[in-house]
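Each remark here refers to the structure printed beneath this line.
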Amino acid sequence: MDKHVAPEMNDSANKSANNSANPGADKDAPLKEDIRLLGRLLGDVLRDQEGDAVFDVVETIRQTAVRFRRDADPEAGEELTTLLHRLTRNQTISVVRAFSYFSHLANIAEDQHHNRRRRAHLLAGSRPREGSVGHALGKLRGAGVDQQTVETFLRNALIAPVLTAHPTEVQRKSILDAEHDIARLLAERDLPLTPKEQVRNLQLLQARIATLWQTRMLRYTKLTVADEIENALSYYRITFLRELPSLYDDIEDEIGMQYHGSPPQLGDAAYVQMGSWIGGDRDGNPNVNAATMRHATMRHATTILDFYLDEVHALGAELSTSTLMVDVTPAMQALADRSTDQSDHRADEPYRRALIGMYARLASTARELGATNILRKEVGHAEPYADAAEFAADLNILAESLKLNHGAMLVVPRLAGLMRAAHIFGFHLASLDMRQTSDVHERVLAELFEKAQVEADYAALSEDEKVRLLLGEIAQPRLLYSPFESYTDETQSELAIVRAAREIRQRYGARAIRNYIISHTEAVSDLLEVLLLLKEAGLVRPHAGVSDVMVIPLFETIPDLQRAGAIMEAWMGLAPVTRIVHNQGRLQEVMLGYSDSNKDGGFLTSNWELYQTELKLVEVFERAGVKLRLFHGRGGTVGRGGGPSYQAILAQPPGTVNGQIRLTEQGEIIASKFSNPEIGRRNLELLVAATLEASLMPHELEGAKAERLAVYESVMAELSQLAYGAYRDLVYETPGFTDYFFAATPIAEIAELNLGSRPASRKSTRRIEDLRAIPWGFSWGQCRLLLPGWYGFGSAVSTWLKEDSGGERLATLQEMFREWPFFATLLSNMDMVLAKTDLAIASRYAGLVPDVALRERIFKRIAGEHGETLRQLEAVTGAKERLAANPLLARSIQNRFAYLDPLNHLQVELIHRHRAMSRKVKEGSDGGEMDPRVHRGIHLSINGVAAGLRNTG
């Protein structure tokens with residue numbers, strides 16, 4: 001191994017210092033060095049583990065793919081195809097794994113480079129970068145927004161990333177852990193290292209890459225909800241528990257610097273809080289029930305209490321302050337006197353005694369809330385804390401005593417962050433949302449009404465009749481449920497859910513569960529049904545006008561979005577609801593679904609209808625005098641509302657943010673954003689910065705600006721209608737399109753993966769309508785078409801421009817791109833999708849369609865729309881190359897193609913073999929036996945392509 005390690009040492013050591021010392025140096029040079037290093041180490045591991053023959057095959061394929069991609073050499077393309085066809089099945093697995101792991105390692109190198117460039121920017125003392133809180137505050141100050149306004153805003157704001165588990169989470173936690181170590185070792189190489197330390201670093205890097213190679217990449221068993229909960233909790237330990245409190249401190253410092261005053265004291269303000277759907281989201285997931293909710297909240301509490309126990313223990317070791325040297329406050333002395341520790345050795349060390357007592361109380365609290373394994377035994381027995389506020393009060397006693405007795409600097413290293421954490425995370429860690437589809441609620445209420453002899457056929461009632469009945473029942477002091485009746489399993493399960501929610505709130509605090517999301521909200525009755533179900537568990541007390549849990553509609557399809565304004569106006573106009581909303585602080589949340597609206601109406605129409613819906617909701621809520629909080633159900637891919645969160649928030653219509661925003665973080669995006677602490681910190685800061693700007697920057701539109709915006713919106717309405725027609729015509733109205741989709745993408749193979757705890761489709765059909773939007777987007781990404789992120793734009797613009805005799809219409813579109821953030825963000829996201837699209841690769845997948853006529857007819861239409869979209873995008877933006885405004889991302893994507901291409905080619909070949917063998921098995925033909933290696937190779941390639949594209953569903 002030494003002979004392979006030694007040559008790299010001098011090239012890599014101290015690269016960061018050398019690069020920063022030379023202003024003219026290629027800023028991406030350290031990234032290239034890191035990728036070369038990791039690639040070489042992977043090659044060494046491959047040679048050591050699989051032998052020279054396999055290494056030579058992989059290297060030949062890599063070089064040929066690079067030549068094919070770089071030079072567009074047709075001979076190289078034919079050579080690549082021949083090489084892949086000749087692979088044995090065992091070689092195929094090794095090749096797929098090699099290219100997949102290279103994508104993973106390249107991701108690590110890119111993340112490290114982003115951190116490196118950010119540090120270099122800070123060290124250079126440059127202006128705050130766009131997307132930083134400092135940049136946002138500078139803009140606000142320049143616009144005349146004073147410090148008091150900013151502080152008041154933060155005291156009342158709620159910015160909540162909500163982690164969700166979906167059937168595209170392709171990473172195993174074992175892989176994530178190994179990659180986390182590789183990232184740490186790679187970052188270490190930017191430090192000044194001695195020659196011996198450099199050798200040791202390389203040895204450890206190679207060892208961790210070898211661990212990756214020897215670790216199973218795929219799950220052999222179906223992922224459970226409990227597994228998903230643990231996966232999500234790993235990101236708290238890596239990022240959120242420390243980076244979020246630290247971010248709060250930095251934001252206060254930035255406010256002080258930007259406004260040239262002392263940093264504000266925001267106290268217990270918790271404007272960034274974490275949310276989760278994992279364990280509470282029942283929509284389409286039969287594996288989620290009351291037991292999973294209890295398990296999720298118990299694991300949340302155990303995780304945060306483990307953190308508190310570790311921090312309090314560490315503080316006890318650090319705060320050795322003696323009363324022989326300094327005084328303490330009476331409250332501090334009283335806290336020490338109440339301690340379970342009465343050792344004479346610490347009689348003069350009140351902070352240590354107090355912390356030992358606090359540790360004992362935390363340990364009792366942890367046991368009471370479900371912990372079974374507390375690593376360090378406490379000293380003596382103590383009563384558990386009643387709630388997190390009581391724990392925070394004890395921490396505050398420590399801090400105040402230190403500040404008043406020459407120990408302010410001792411608060412900074414650990415105690416300050418722990419105090420922040422107590423306010424942010426409480427004993428609940430994250431708020432768990434409940435979610436279920438409206439159809440289930442209707443069935444449950446129908447049975448309850450029937451058994452209670454209130455209404456024999458609730459489902460048959462008109463909407464007005466349902467509303468009258470529901471309002472009447474909500475006002476009744478009695479319950480519908482009777483212990484003397486028998487109910488279906490579904491009804492029993494749904495009632496158990498709301499009862500568990502009440503228990504959880506009592507046990508873990510009010511923030512543990514505070515939201516109930518209703519999927520497929522189509523009418524006011526859908527909301528009232530949930531209000532009545534919550535009343536059955538005592539969570540709604542109508543005579544007091546109180547609902548402990550907010551009832552939140554989710555508008556998903558295009559028709560649902562169009563009805564949203566009218567539904568919310570009617571909802572908030574109901575007398576009992578008006579009282580409840582008033583007691584919620586005159587605040588009501590609405591969730592918007594990006595995924596299903598895209599699958600329903602296409603990229604352009606989905607974005608436009610969401611924009612229109614938001615404007616209508618602002619209008620409705622202003623009339624009602626209620627604050628609107630939007631919950632954005634964004635996915636990983638652009639087709640599902642993905643893309644940069646900062647630009648997405650700034651592109652929201654005026655009046656739709658106002659310091660209140662929740663948004664989902666889904667699937668592979670959680671790993672890409674939060675598996676590295678620095679990257680995670682940056683992404684959290686982006687959310688805060690964007691929310692500050694979107695909420696507080698002046699939005700007045702007067703005169704010419706208002707007139708131009710009206711023109712832009714009118715144009716978008718026309719384009720949306722045209723794009724909607726083009727998209728629907730292809731996806732829902734073209735005969736055979738469903739057959740084409742299931743044959744030309746790996747959707748069937750994706751459904752077989754042990755990815756998540758929920759099925760890929762809501763129903764056991766092949767209808768596009770029943771397919772979940774997540775695997776829909778995942779499939780198009782795998783075959784490199786990414787159709788949900790662009791289809792319909794080209795034909796819409798070209799049709800609209802046909803009446804453009806003098807070029808005025810094109811000029812208007814170009815002006816919209818320059819002046820309107822919504823349209824600019826829309827095209828920027830589409831530009832990124834098109835940069836990842838590859839029609840040549842996609843044509844290989846189209847070759848999997850057995851019906852030649854169907855294949856040629858539909859692929860020709862898709863290819864035609866793709867070409868037209870590229871032409872019209874270039875005409876509007878003026879950019880002939882993809883991602884011209886983001887050259888770093890453009891280079892990143894281009895560099896990946898040479899390693900992605902072989903994976904895609906291999907995936908097509910393996911799918912072809914697998915499906916051919918499946919047909920033989922079904923027909924009972926001789927030799928019809930499935931080869932598990934082929935099946936495994938397909939799934940490995942899916943993982944590799946997802947990693948290479950850095951997104952899934």
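By the 30° and 60° cut-offs, the orientation of the rings of Phe737 relative to Phe741 is parallel. Under the 30°/60° scheme for interplanar angles, the aromatic rings of Phe631 and Trp277 are found to stand perpendicular.
Within the 6.0 Å centre-distance limit, the rings of Phe240 and Phe674 are counted as a close aromatic pair.
Annotation for Gln453: atom CD does not count as buried by contact number, only 12 or fewer foreign heavy atoms lying within 6.0 Å. No more than 12 heavy atoms of other residues, nucleotides or ligands shown are found within 6.0 angstrom of CG on Asp489.
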>> Using the rule given for side chain to side chain contact (heavy atoms under 4.5 Å, CB included), can you reason through Arg629 versus Val590, listing the C-alpha separation, both sets of side-chain angles and the distance that settles it, and then say yes or no?
In response: CA-CA 6 Å; Arg629 177 165 67 219; Val590 175; over 6 Å; no

>> side chain to side chain contact (heavy atoms under 4.5 Å, CB included), that's the test. Do Leu610 and Thr613 meet it? Break it down for me.
In response: CA-CA 5 Å; Leu610 285 160; Thr613 298; 5.6 Å; no

>> Could you go through His428 and Ile304, starting from their C-alpha distance and side-chain angles, then the distance that decides it, and tell me whether this counts as side chain to side chain contact (heavy atoms under 4.5 Å, CB included)?
In response: CA-CA 7 Å; His428 68 288; Ile304 189 59; over 6 Å; no

> Could you go step by step and tell me if Arg294 and Arg507 meet the side chain to side chain contact (heavy atoms under 4.5 Å, CB included) rule?
Replying inline: CA-CA 10 Å; Arg294 290 190 180 96; Arg507 190 174 191 192; over 6 Å; no

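The two residues Gly944 and Ser100 have their closest heavy-atom pair at CA-OG, 3.2 Å. Heavy atoms only, all atoms of each residue included: Val96 and Ser941 are closest at CG1-N, 3.4 Å. Summarising the geometry of Gly593 relative to Leu554, their closest heavy-atom pair is N-CD1, 3.6 Å, with the distance given to 0.1 Å. Nearest heavy atoms, Ala512 versus Tyr508: CB-CB, 3.8 Å. Taking every heavy atom of both residues into account, Thr521 and Ile518 meet most closely at OG1-O, 2.8 Å. The two residues Gln588 and Val551 come nearest to each other via the heavy atoms NE2-O, 2.9 Å.
The cationic group of Arg499 lies under 6.0 Å from the six-membered ring centre of Tyr481 and within 45° of the ring axis, placing it in a cation-pi geometry.
Taking CG from Leu470 and CD from Glu465, the interatomic distance works out to 11.5 Å, rounded to the nearest 0.5 Å. Distance CD1/Ile497 to CZ/Arg435: 13.5 Å, rounded to 0.5 Å.
When atom types are taken as modelled, the side chain of Glu455 and the backbone of Glu450 share no donor-acceptor pair closer than 3.5 angstrom.
A donor-acceptor pair shorter than 3.5 Å cannot be found between the side chains of Glu490 and Thr488. Side-chain N/O atoms of Asn943 and His104 include a donor and acceptor closer than 3.5 Å. In this structure, a donor-acceptor pair under 3.5 Å is absent between the side chains of Asp306 and Thr303. Using modelled atom types and a 3.5 Å distance limit, the side chains of Ser597 and Ser606 yield a donor-acceptor pair. Between Lys673 and Ser645, the side chains place a donor N or O and an acceptor N or O closer than 3.5 Å (distance only, hydrogens not considered).
Evaluation of the salt bridge (Lys or Arg N to Asp or Glu O under 4.0 Å) rule for Arg216 yields no partner, not counting sequence neighbours.
Applying the side chain to side chain contact (heavy atoms under 4.5 Å, CB included) test between Asp433 and each of Met591, Arg514, Arg662 identifies Arg662 as the sole match.
With salt bridges taken as basic N to acidic carboxylate O contacts below 4.0 Å, one links Glu473 and Arg478. In summary, Asp600 and Arg728 engage in a salt bridge, as defined by a charged side-chain N under 4.0 Å from a carboxylate O. With respect to Glu463 and Arg468, no salt bridge is recorded, no charged nitrogen being found less than 4.0 Å from a carboxylate O. A salt bridge is defined here as a Lys NZ or Arg NE, NH1 or NH2 lying under 4.0 Å from an Asp or Glu carboxylate O, and Glu494 with Arg443 fails to meet this definition.
Tyr235 has its side chain out of reach of Glu665: every pair of non-hydrogen atoms, C-beta onward, lies at least 4.5 Å apart. Annotation: side chain of Val498 is not in contact with side chain of Val530 (no heavy-atom distance under 4.5 Å).
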